[in-house]
Amino acid sequence: MTLPQDSAALADIASHIHPFSYNQRMHKTGFRNYIVKAEGVYQIDSAGKRYIDMMAGLACVNIGYGRADMADAMCEATKTLSFHPSFWECSNPYSSRLIEKLDEITPDYITHYLFACSGSEANDTAVKMVRWYWNTMGKPTKKHIISRELAYHGANVIAGSLTGLPPMHERYDLPQGPISHVMAPWGWVNGVGVDDEALGLKAAQAVEDEILRLGADNVGAFIAEPIQVTGGVIAPPSNYWKAVEAICRKHDVLLIMDEVVTGFGRLGEWFAQTYYDVVPDITVMGKGISSVYFPVSAVGLHRRIGEVVAADSGEFYHGYTNSCHPVGAAAVVKNIEIIQQEGLLQHVNEVLAPTMWERLHAMASHPLVGEVRGLGAIAGIQLTANKETREFFPEEQEVEQIVVRHAYANGTIIRGLGGDVLALTPCLTTTVDQINMAADAIEKALDLTMKEIGR
Ligand SMILES: Cc1ncc(COP(=O)(O)O)c(C=O)c1O
């Protein structure tokens, strides 16, 4: 903990309601860390100590921190056209280049795009597009959205409602709107005594059961992350996605894939949907689209919807001041160029993921580790009080936070999730040596945690 002394930091601690923080604790004991600089895959704190960031910020800094090439591209855009709205049939070269670049890397069936500034806004936009589409198609009863338990889709009223984490609902009167949540393909809990394939079918069947319960005429869409990261790093069994896709098609329910985390290289492909060979109607993008050098998110529409929007003769009443901001557009284009030029998809497939998974599989035999799971550059370490019975630690013990603290003291930033899970979502530029240094620190942190909790 760092209790700052300078007046600006004191003002921050006193008056800034920090997101997803125990603000009262922070007021008493100070910040958990105070980072003054970041470069490459490292964050550097106010004491000059360097940390390998195995979280890539919030699974978003795909190309690494502090890049001069990004700064130059954004600086050029700022000096040339610091703002221009894309409202009222207006455009500019930054917007045009953005569309051309996105078209180069998205699957062919994504024909149209809308822009926003956060994953939450993009998910809100996706839900509005579901409503717009079914109203336009003369099926106004198709409004219900099916989401999943443990889903994370963001924090605004609609995205927070789609999110399937109870603390996100309590005290906010959420979920709001016709939204329900079905089981997640969460093997650690829902897969006990069931093989992977059976779990995949069972979880997909839960989607169909909910459609049948509500009546397909009332269901507009099913929304899901290809891999649930915030909810516990839940990578579904390999048969799950094809089964879900078939169910959505059968009942004419739109499929929204929230690729805010999985998009832009995390699975060694531009999008997880191509990895799983699934064609969604709506693709939600954020985070890695710009590696968060500028807040940008997007919604990609399948031709099926895009052409209906394009053919509509009326005004399209949706958009934000900052939709397709020129500086953000320049950031996205440069970010994609960097991923291409530096071969980062190949790096994930051939270097980063194999190294990380070799180390993680070795960690699975640690007495505190129940299993390791995930795919590509998304990994979860499930801690457990008992490997045989899959017992959870008492929630108040926050065992994952103890490991996070020790890893941090050893120069490595990892994320602790509820349910005794540690998450790793490194920058896609992370090298073999850096992965090995981080893995050493995590192993040491697991040993120190054992000692601390008296095992
Ligand atoms: C899958 C997914 N969707 C949406 C969001 C929300 O994005 P934002 O925090 O930019 O609103 C997140 C954020 O972590 C996410 O993981």
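In listed order, ligands and their atoms are each counted from 1.
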Ligand 1-proximal atoms of Glu225, by part, heavy-atom distance under 4.0 Å
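Within the 4.0 Å criterion, Glu225 contacts ligand 1 through side-chain atoms alone.
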Report the nearest protein non-hydrogen atom to atom 3 (N) of ligand 1: residue, atom name, distance rounded to 0.1 Å.
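Protein heavy atom with the smallest distance to atom 3 (N) of ligand 1: Asp258 OD2, 2.7 Å.
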What residue and atom, counting heavy atoms only, is the protein's closest point to atom 2 (C) of ligand 1, and at what distance?
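Answer for atom 2 (C) of ligand 1: Tyr152 O, 3.3 Å.
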Do [Y] and [X] meet the salt-bridge criterion of a basic N to acidic O distance under 4.0 Å?
{"X": "Lys202", "Y": "Asp209", "result": "no"}
{"X": "Arg97", "Y": "Glu100", "result": "no"}
{"X": "Glu245", "Y": "Lys250", "result": "no"}

Where ligand 1 meets [X] - atom numbers and elements under 4.0 angstrom, heavy-atom basis:
{"X": "Gly119", "value": "6 (C), 7 (O), 8 (P), 10 (O), 11 (O)"}
{"X": "Ser120", "value": "6 (C), 7 (O), 8 (P), 11 (O)"}
{"X": "Asn123", "value": "3 (N), 4 (C)"}

Any cation-pi pair here, Arg303 with Tyr109, using under 6.0 Å and within 45°?
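Ring-cation test returns no.
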Here's a test for you: under side-chain contact (heavy atoms from CB on, under 4.5 Å), which of Leu368, Val403, Leu383 qualifies with Asp420?
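So the option named by the test is Leu383.
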Salt bridge (charged side-chain N to carboxylate O under 4.0 Å, His left out) for Glu342 and Arg67? Distances and angles first, verdict last.
CA-CA 13 Å; Glu342 297 187 2; Arg67 297 191 60 128; 2.6 Å; yes
Should Val261 be listed as contacting ligand 1, given a heavy-atom distance under 4.0 Å as the test?
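A heavy atom of Val261 does come that close to ligand 1.
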Can you find a non-hydrogen atom of Lys287 under 4.0 Å from ligand 1?
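Per 4.0 Å heavy-atom rule, Lys287 contacts ligand 1.
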